[in-house]
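Data first, discussion second: the structure below is written as structure tokens.
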Amino acid sequence: MSGITMSYPTIGSPPEECAQMHPPNLGFTEDHRWLSMAQKDRMASPVDVIVVGAGNRGETYSHFASLQPQRMRVIGVADPRKFAREKLQKQHRIADVNVFADWRGIVQREKFADAVFICTPDRQHKNPAVALAKKGYHILLEKPMAVTAEDCTEIVRTCIQNGVMLTVCHVLRYDPVIHKIKVLMDSGAIGDPVHIQHLEPVGFFHFAHSFVRGNWRNEAESSFALLAKSCHDIDLIHHWAGGRRCLKVSSFGSLSHFRKEKRPPGAADRCLDCPVEESCPYSARKIYLDRVKQGCVGWPVSVICSSSLPDIESVTEALKSGPYGRCVYQCDNDVCTNQVVNMEFEGGLTAAFSMVAFTEEICKRRTTIYGSKGELSCDGHEIRVFDFLTGRATKHTAETYAPGAFGMGGHGGADYQLVEAFISAVASGDASFIRSGPEETLLSHKLVFEAERSRLESKVVFCGTDQD
């Protein structure tokens, strides 16, 4: 792909500019009329993609090729797990020569695709991202970018220096309802924003699955909870701030309940052997085995069988011997179950974010933004704007299109919109389709690191001028 326009949407764009950069039909599946002839020519052939990391996220994003084969092809895969890479190879009919147990095998070859999806574990993002950017691949990178501010900066610098597009998977930026919030703010619907209140309810069994038993339970093996789970949310707040620099941040949080001292009397080390399992809401039998018995083999059941498809036998074996069958009070988890972040931006705008594990709802964010002329609230599905002058409330929705397995995900179909935007950008050579590009994403990541420093050091952190 040639003729790339490395122009990402600017922070705090006025409504007219936003409309130009993000037209209503982001994916061009119905209307190509506003594209230039050169862009149309470049989009005539599908974008060739290599998937690095064939786990849950890599498989989800690659499903776009099955739905839109005329726009994207998966022609390579790299994953150290034989079952995972062979599963993806079979799904997309990938040639044996393009199947790798190690991503470094891709680097050793001449460039043979347009882009890579990097969906490796958090601590394994930076090295493939830097190496593959230097080879000239456009990059779709699972969040977080990396686990240190220095590594995030190196990824961004390398992509810019090598003229490749970078999309960080802040999928909520691509949710049509959440995008509508920014459109309404930019239109002046609530006047000047004064305060942002944002909640992420993780979900009681989701937290137990991912952050007590699962891949993100231990900071030394992955990253801290605010980065792993809530960099989405800090990024949204930073985005809604509209280019205002964050001046200072404070944060508080801790690991509650999932501790050894909270273990019920008589509890066993594993749920399948536990005499008190029936009275435990975090029972692995309830979360996994009962689901598969009901025919539910998607997330979270699909995650726990690393070498086979999930069924009653394989799930039972995984619970007997694997990490997901452990008692939640006997794990090596150390990440926060609840955390608050308070921010002050230029112009007096304040923001408060809360993340909590112990909720009925799973990742159904709730947002209220208070402005000088009105109040905006969103429950994840519908936006309500109350106008102080008229005393009237107006409800807003946005059309969401998420075909196939994308509609079954936990991001309201935004996974599909994310991949569609990235593929459109690569195919057309126009980076303005990307809403989560390098510079702004780096700023929001740095804000996450500053917030965690505040929590660890028990002090207000005054943000550095490097956010300019």
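The analysis underlying the following values was restricted to heavy atoms, covering all of them including side chains, and did not include hydrogens, waters or symmetry mates. Worth saying up front: this structure is predicted, and the values here are computed from it rather than measured.
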Is the backbone N or O of [Y] less than 3.5 Å from a side-chain atom of [X], with the two atoms forming a donor-acceptor pair by type?
X    : Y    : result
D79  : A54  : yes
Y174 : S436 : yes
Y288 : L319 : no
H445 : T441 : yes
S62  : E59  : yes
R173 : H170 : no
D175 : A414 : no
R326 : C331 : no
K111 : A113 : yes

Check the orientation of [X] and [Y]. Use parallel for under 30°, tilted for 30 to 60°, and perpendicular for over 60°.
X    : Y    : result
H209 : Y324 : parallel
W240 : H198 : perpendicular
H238 : F345 : tilted

Spatial distance of atom [atom1] ([X]) from atom [atom2] ([Y]) [nearest 0.5 Å]:
X    : Y    : atom1 : atom2 : result
S307 : R81  : OG    : CZ    : 10.5 Å
L447 : L442 : CG    : CG    : 11.5 Å
C159 : E439 : SG    : CD    : 10.0 Å
I118 : H125 : CD1   : NE2   : 8.0 Å
T60  : W299 : OG1   : CH2   : 12.0 Å

Quick one: does [X]'s side chain get under 4.5 Å of [Y]'s, heavy atoms only?
X    : Y    : answer
L376 : I383 : yes
I287 : P300 : yes
I94  : V74  : yes
T158 : I155 : no
C169 : R57  : no
K87  : L309 : yes
V49  : R73  : no
V77  : F100 : no

Near-ring test F64/Y416, centroid separation under 6.0 angstrom: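 That pair passes the under 6.0 Å test.
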
Q89 versus D96, side-chain donor and acceptor atoms under 3.5 Å: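 Per modelled atom types, D96 and Q89 side chains form a pair under 3.5 Å.
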
Pair S223, D122: side-chain N/O donor-acceptor within cut-off below 3.5 Å: yes

Residue pairs involving residues 127-137 (criterion side chain to side chain donor-acceptor pair (under 3.5 Å); sequence neighbours excluded): none

Charged tip of R453 within 45° of F224 ring normal and under 6.0 Å: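 Cation-pi check for R453 and F224: fails.
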
Cation-aromatic face contact R109/F112, 6.0 Å, 45 degrees: yes

Test salt bridge (Lys or Arg N to Asp or Glu O under 4.0 Å) applied to K446 and E150, step by step: CA-CA 9 Å; K446 286 184 175 181; E150 293 76 18; over 6 Å; no

Partner residues of K293 under the salt bridge (Lys or Arg N to Asp or Glu O under 4.0 Å) criterion, sequence neighbours left out: none

L132 and its side-chain contact (heavy atoms from CB on, under 4.5 Å) partner, picked from I50, I106, V164, L141: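 Testing L132 for a side-chain contact (heavy atoms from CB on, under 4.5 Å) against I50, I106, V164, L141 leaves exactly one candidate, I106.
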
Worked verdict on E142 versus Y61 for side-chain hydrogen bond (donor to acceptor under 3.5 Å, both in side chains): CA-CA 10 Å; E142 183 53 58; Y61 296 143; 2.8 Å; yes

Nearest atoms (heavy-atom pairs only) where S302 meets N56: OG-ND2, 4.2 Å

Criterion ring-ring contact (aromatic ring centres under 6.0 Å, His included) on F422 and F433, from CA distance to verdict: CA-CA 7 Å; F422 177 72; F433 294 114; over 10 Å; no

Within 6.0 angstrom of W216 CH2, more than 12 heavy atoms from elsewhere: no

R71 and S424: CA distance, side-chain angles, deciding distance, side-chain hydrogen bond (donor to acceptor under 3.5 Å, both in side chains) verdict: CA-CA 8 Å; R71 298 186 58 199; S424 298; 2.7 Å; yes

Listed once per pair and sorted, the salt bridge (Lys or Arg N to Asp or Glu O under 4.0 Å) pairs that draw on residues 207-232, sequence neighbours left out: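 For residues 207-232, and leaving out neighbouring residues, the salt bridge (Lys or Arg N to Asp or Glu O under 4.0 Å) pairs sorted by first residue read E200-K229, R217-E221, R217-D332.
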
